[in-house]
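All of these numbers come straight from a predicted model, not from anything done at the bench. Computed over heavy atoms, backbone and side chain alike; hydrogens, waters and symmetry mates excluded.
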Amino acid sequence: MEFRELGVLCCEFDEDAEITQTVADRLRSARLAAGISQFQAAGSAGISRATVIRWESGDAPQKVAGLVRLARAYGVGLDWLAGSVPTTA
């Protein structure tokens, strides 16, 4: 095992494990599963809708404080968003 940086979020990475979703993919999946619009997600996290769009597309590094608030709004754990837990949203 080693640690790799995902934007500003670090998590343990197992090189032998298959990675099927990125943090950006999981953000979008969790938001859709929660039935929340990007506008609502932004309001819940105290960030702009443009930031939600960039985070979901992987165009900008995710900040931990915003991820924590989004995880709460979506009803998922931060560990799941980071890919440490293989369960789905």
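- Under a hydrophobic-cluster definition in which Ile, Leu, Val, Met, Phe, Trp and Tyr are linked whenever side-chain heavy atoms come within less than 4.5 Å, directly or via other members, V52 and L32 are assigned to different clusters.
- Across A24 and G58, no two heavy atoms sit closer than the pair CB-N, 3.8 Å.
- Note: S44 OG to F39 CZ = 10.5 Å, rounded to the nearest 0.5 Å.
- The CZ atom of R49 lies 8.0 Å from the OG atom of S37; values are rounded to the nearest 0.5 Å.
- Panel note: side chain R69, backbone A45; a donor-acceptor pair is recorded below 3.5 Å.
- Cluster annotation: L27 is not connected to I53 through the hydrophobic network of ILVMFWY side chains, with a link wherever side-chain heavy atoms come within less than 4.5 Å.
- L81 and A71 get closest at one heavy-atom pair: CD1-CB, 3.8 Å.
- In this structure, CD on Q62 lies 10.0 Å from CD1 on I47, to the nearest 0.5 angstrom.
- When atom types are taken as modelled, the side chain of W55 and the backbone of P61 share a donor-acceptor pair closer than 3.5 angstrom.
- For residues 28-44, the pairs satisfying salt bridge (charged side-chain N to carboxylate O under 4.0 Å, His left out) are R31-E56, with sequence neighbours left out.
- Here the straight-line distance linking atom CG of L78 with atom CZ of R72 works out to 9.5 Å at 0.5 Å rounding.
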